[in-house]
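Beneath this line is the structure, given in structure tokens, with notes to follow.
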Amino acid sequence: QVQLVESGGGLAQPGGSLRLSCAASGSIFSRYAMNWYRQAPGKQREWVAEITSGGGTNYADSVKGRFTISRDNAKKTVYLQMTSLKPEDTAVYYCHVKYTSNWGQGTQVTVSS
């Protein structure tokens with residue numbers, strides 16, 4: 001079982017930036033693709049970005065060009081750098097180990113002036 005702990009959420013102004021972190025426990029981290037999802041109030045959870053074990057990345061169209069996912073296998077941490085934030089990016093952000101039931105507890109991101 002992998003434990004995931006997200007951090008870095010908070011309040012940002014439109015056009016601002018935040019960097020989310022997801023720290024993982026366990027020895028399997030480097031072997032798995034990692035994903036970020038988000039869930040806005042009253043909406044279904046949606047996929048945001050993925051990074052493979054080899055470092056390949058994919059993004060939802062809604063965040064492409066604004067968000068960057070990265071990972072540091074030595075630190076067992078995956079990051080989500082968010083720039084040019086929009087109010088519609090407001091959500092709870094979760095990290096997830098692909099193909100497993102391992103989810104973090106989420107971190108709130110609010111984009112508002």
Side-chain angles (χ1 to χ4, degrees):
Q1 188 78 359
V2 176
Q3 303 292 326
L4 301 171
V5 179
E6 299 99 334
S7 61
L11 175 65
Q13 291 190 338
S17 300
L18 285 172
R19 188 176 83 153
L20 306 183
S21 299
C22 173
S25 66
S27 59
I28 68 170
F29 176 81
S30 62
R31 291 184 253 155
Y32 282 81
M34 297 292 297
N35 285 274
W36 283 98
Y37 285 78
R38 66 186 181 186
Q39 187 166 19
K43 295 188 176 180
Q44 288 190 330
R45 191 171 295 189
E46 66 171 349
W47 172 76
V48 174
E50 176 177 292
I51 185 165
T52 68
S53 58
T57 58
N58 286 293
Y59 299 92
D61 287 344
S62 59
V63 306
K64 199 172 293 183
R66 300 188 298 121
F67 291 10
T68 303
I69 189 171
S70 60
R71 67 190 299 162
D72 184 333
N73 288 336
K75 295 182 178 179
K76 299 181 183 178
T77 301
V78 62
Y79 304 97
L80 187 68
Q81 178 68 50
M82 306 186 295
T83 64
S84 301
L85 284 164
K86 304 175 181 180
E88 51 263 43
D89 295 319
T90 295
V92 178
Y93 283 71
Y94 300 89
C95 62
H96 172 247
V97 183
K98 193 173 185 180
Y99 301 130
T100 77
S101 59
N102 295 295
W103 291 85
Q105 83 290 348
T107 185
Q108 175 70 48
V109 171
T110 302
V111 183
S112 174
S113 55

Below 4.5 Å, heavy atoms only, C-beta onward: do [X] and [Y] meet side chain to side chain?
X: S62; Y: R38; value: yes
X: F67; Y: L85; value: yes
X: S84; Y: R66; value: yes
X: L20; Y: T107; value: yes

Test your reading of the model: is there a side-chain donor-acceptor pair from T90 to the backbone of E88, 3.5 Å cut-off?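 Looks like no, no N/O pair under 3.5 Å.
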Any donor-acceptor pair under 3.5 Å linking the side chain of Y59 with the backbone of I69?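 A pair under 3.5 Å: yes.
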Starting at [atom1] of [X], measure out to [atom2] of [Y] and round the result to the nearest 0.5 Å.
X: K76; Y: S30; atom1: NZ; atom2: OG; answer: 8.5 Å
X: C95; Y: E6; atom1: SG; atom2: CD; answer: 4.0 Å
X: E50; Y: N35; atom1: CD; atom2: CG; answer: 4.5 Å
X: M34; Y: I51; atom1: CE; atom2: CD1; answer: 10.0 Å
X: Y94; Y: Q105; atom1: OH; atom2: CD; answer: 9.0 Å

Is the number of heavy atoms from other residues, nucleotides or ligands within 6.0 Å of CD (Q44) greater than 12?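 Open: at most 12 neighbouring heavy atoms sit under 6.0 Å from CD of Q44.
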Smallest separation among heavy atoms of [X] and [Y], with atom names:
X: T77; Y: K75; result: OG1-O, 2.9 Å
X: A40; Y: A91; result: N-CB, 3.8 Å
X: P14; Y: S113; result: CD-N, 3.7 Å

Output, in order, the C-alpha distance, side-chain angles, deciding distance and verdict of side chain to side chain donor-acceptor pair (under 3.5 Å) for R45 and Y37. CA-CA 7 Å; R45 191 171 295 189; Y37 285 78; over 6 Å; no
State yes or no: do [X] and [Y] share one hydrophobic cluster built from I, L, V, M, F, W and Y residues joined by side-chain heavy-atom distances below 4.5 Å, directly or via other members?
X: L4; Y: F29; value: yes
X: Y93; Y: L18; value: yes
X: V2; Y: Y32; value: yes
X: V5; Y: L80; value: no

Out of V109, D89, V48, T68, which one pairs with M82 under the side-chain contact (heavy atoms from CB on, under 4.5 Å) rule?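 With M82 as partner, V109, D89, V48, T68 yield a single side-chain contact (heavy atoms from CB on, under 4.5 Å), made by V109.
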Lys/Arg N to Asp/Glu carboxylate O, D61 vs K64, below 4.0 Å: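 K64 and D61: salt-bridged.
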Measure from NZ or CZ of R19 to the centre of the six-membered ring of Y79, then state whether that distance is under 6.0 Å and the direction lies within 45° of the axis.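 Yes, R19 sits over the ring of Y79.
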